[in-house]
Structure formats: structure tokens, C-alpha cells
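Quick caveat: nothing in here was measured; it's all calculated off a predicted structure. These values consider heavy atoms only, across backbone and side chains, with no hydrogens, waters or symmetry-generated copies. To find a chain, count down the sequence lines: A is the first, B the second, and so on, and within it residues start at 1.
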There are 2 protein chains.
Amino acid sequence: MNIGTASDRAGLPAKTIRYYEDIGLLAPQRLDNGYRDYSTADVHRLRFLQRSRSLGFSVEECRQLLSLYGDSGRESAEVKAIAETKLAEIERKIVELKGLHGVLSHLVANCHGDGRPECPILDELAGETH
Amino acid sequence: MNIGTASDRAGLPAKTIRYYEDIGLLAPQRLDNGYRDYSTADVHRLRFLQRSRSLGFSVEECRQLLSLYGDSGRESAEVKAIAETKLAEIERKIVELKGLHGVLSHLVANCHGDGRPECPILDELAGETH
DNA sequence: GATAATCCTTCCAGTCACTGGAAGGTCAAG
DNA sequence: CTTGACCTTCCAGTGACTGGAAGGATTATC
């Protein structure tokens, strides 16, 4: 199947699929006319990539997961460890964002936001208060 | 003051400060020997940048905020609007991350993580279940 | 059969916000 | 007077794509 069809099936832009090939994540067959020819197994790999990327795994992590995916002798402990590390990162990011949210919402609440120049948001950013 | 001192005072790497100059965020004086010479006002601007960047504003947003910062005729409504937009983005990101967290923690909980190859995490990523 | 629209190819450049490193000039201490 | 820390510029790389140009292949329409 052509890249356009594979793109539709995998939910990834053709550009991204070619990029994944560039960096060695998959290598479809080629037809006589030079077109890439994706098998259903290729599409599975692409869907795998789409899902794991959207779950926040980096491309390098996806590469590891993908190699485990195709390895019937794999140990699930490896996969679980990668997922647990990623889970901890997500938790950390949520905490950070909540902190940002607290500071910013405080500032927004205290800014009258009218035509006057006084603005506690800028004061805070400048470090003039506290 | 030299860039090293400004770096310490602003809490930004010297590399980053030079980069900010490259993209036109500030332009310190130069000494006869070619060294950059930062005033305390420059350091204030740098601290402003450090704080607003760490609060999740993009460099372009920081540029806007910085121009309002130095503008005594500014209207705080502009600043408040930028901050509110950013606040909404942060909220959206938190929701997304919580969703990711839910999916991943479910998968981790269901993966026995021993030496056997069975692994619901990979099954999920492959789209084999559900 | 000609033509137009769509799809495919490769390659180069740009994004964002830095970061690393090389090559070389300047300055303060011992 | 040399060592080492600091400064300069410039070039290249990061991550994960994305945009676009130039050109070949295929498909649909007239």
C-alpha cells in the first residue's frame, strides 16, 4: 500500500512516516517505480509509534519499545520499567504545571486589567514585589 | 558588569543571555575590549525574562511582556489577556497529562513485569486490545 | 490521446529555545 | 611571565517534525 493509505490507517502524516524511516524506525519495501510499499505489519508498527508517541514516549523510547514489541523473547519487566519512568515524569510535569497555574491565576486575579498602567503581573515578573 | 556576573544575578546561563541578545531582546553596552557591559536595568530585564520563561511564556510572549514592561503608557488589560491565554493553555496541558497518566498507570498496574514476555502495555500500544 | 489533478519521490531549510564546542583575545593572580 | 579564568565570535547540533521546491508517476476527465 502507498504512503498515503498507510498515513490514513496509522493516523500519522506522510511526512512523519518518511521521517521515521529516515531515523531508522522502519523500512518498507519499495516498488519498481520507487514508491514505498507498506505491509499491514508496517502499518501496525506505525500505529504502535503513533500511540506511544501520543502517550508521551520520546522517539528513542519508542525505538526501545518497538524492538521489544517485535521480540518474542522479551521480558515484560523492561517494558514496565520504561513505562514507570515515563509515569513518574508525567507526575512531575503535572506538579510543575499546577505550580505555574497557581502563580499565574493569582496574578490574573489581582490585575484589574483596565486601561490603567498598574499591573501586578509585570511587577511580579520584574521581581519588584515579595 | 560582565556577562558572568549578569548571568549569576539573573539566574540565566551566559549562553542564553547572548542568545537573547541575538534575537533582539536586549542590547547591553560594549566596553572598549569588546566585552558586554550590563547595567542593573539590563539585569532587571534578564530577571524578568528568566521569570516569565520559567512561568511558561514563549520567547515571543516574553518579548511582548517586556515591551509592555518598559512602557509607562501601557494598559494592564493587554498583559492580563496574555496571562489569561497562557493560563488556559496550562489548564489544557494539565488535563492532557492527567489523561496520559490514567492510561499509563492502568497499563503499568496490569503488567506483571516479570520475566515472561506477556505484556499488556505493548498489546495496548499495538492496538490489539479494546 | 491530451491534459489536469493528485500522488509520489528527494532534498534543503526552518521551527523553538537553546546548548556545545572550537579558535582565539583579555585580564587578574602568583 | 605564565597560568587559568573569563570573554569574544561563529558554526553546528538538539528533538521531532514541518514546509516547500522541483520533478516523476499515476489516475481521472474530456
| query | Does A/Q29 have any side chain to side chain donor-acceptor pair (under 3.5 Å) partners at least two apart in sequence or in another chain, and if so, which? | reply | none
| message | Test question: given the 4.5 Å side-chain rule for I, L, V, M, F, W and Y, name all other residues clustered with A/Y35, or answer none. | response | A/L31
| request: Just jot down the side chain to side chain donor-acceptor pair (under 3.5 Å) partners of B/R63, sequence neighbours excluded, or say none. | output: B/E60
| query | Pairs in or reaching into residues 21-33 of chain B: which pass salt bridge (charged side-chain N to carboxylate O under 4.0 Å, His left out), with residues at least two apart or in two chains? | reply | B/E21-B/R30, B/E21-B/R36
| Of all residues at least two apart in sequence or in a different chain, which pass the side-chain contact (heavy atoms from CB on, under 4.5 Å) check with B/S105? | A/L87, B/H101
| message | Checking A/T85 now: which residues fulfil side chain to side chain donor-acceptor pair (under 3.5 Å) with it, not counting sequence neighbours? | response | none
| message | Tell me the interatomic distance from A/L31, atom CG, to C/dT9, atom C1', rounded to whole angstroms. | response | 12 Å
| task | Show your working on side chain to side chain contact (heavy atoms under 4.5 Å, CB included) between A/F48 and A/L25 and close with a plain yes or no. | result | CA-CA 11 Å; A/F48 184 103; A/L25 287 180; over 6 Å; no
| field | For the student: nearest non-hydrogen atoms of B/L104 and A/F57, plus distance | value | CD2-CZ, 3.9 Å
| said: B/D42 vs B/S39, test: side chain to side chain donor-acceptor pair (under 3.5 Å). Steps then yes/no. | reply: CA-CA 5 Å; B/D42 288 328; B/S39 66; 3.2 Å; yes
| Should B/R53 and B/C62 count as side-chain neighbours, where that means a heavy-atom distance under 4.5 Å? | yes
| Which ones in residues 4-25 of chain B lie close to DNA chain D, meaning a heavy atom under 4.0 Å from one of its atoms? | B/G4, B/K15, B/R18
| field | 5' to 3' contact window, DNA chain D with chain A (heavy-atom distance under 4.0 Å) | value | D/dA16 to D/dT26
| Which residues satisfy the salt bridge (Lys or Arg N to Asp or Glu O under 4.0 Å) test with B/R18, sequence neighbours excluded? | none
| Any B/V43 side-chain heavy atom under 4.5 Å of B/M1 side chain | yes
| message | Rounding to an integer number of Å, can you tell me how far B/E61 CD sits from C/dC16 C1'? | response | 13 Å
| note | With sugar-phosphate taken as primed atoms, P, OP1 and OP2 and all else as base, the protein-contact string of nucleotides 24-30 of chain C at under 4.0 Å (heavy atoms; B, S, -) is -BBS---
| request: Tell me, please, which residues at least two apart from A/R9 pass salt bridge (Lys or Arg N to Asp or Glu O under 4.0 Å). | output: none
| request: Kindly calculate the angle separating the two end axes of the helix from C/dG1-D/dC30 to C/dG30-D/dC1, each obtained from five base pairs, and round it to 10 degrees. | output: 10°
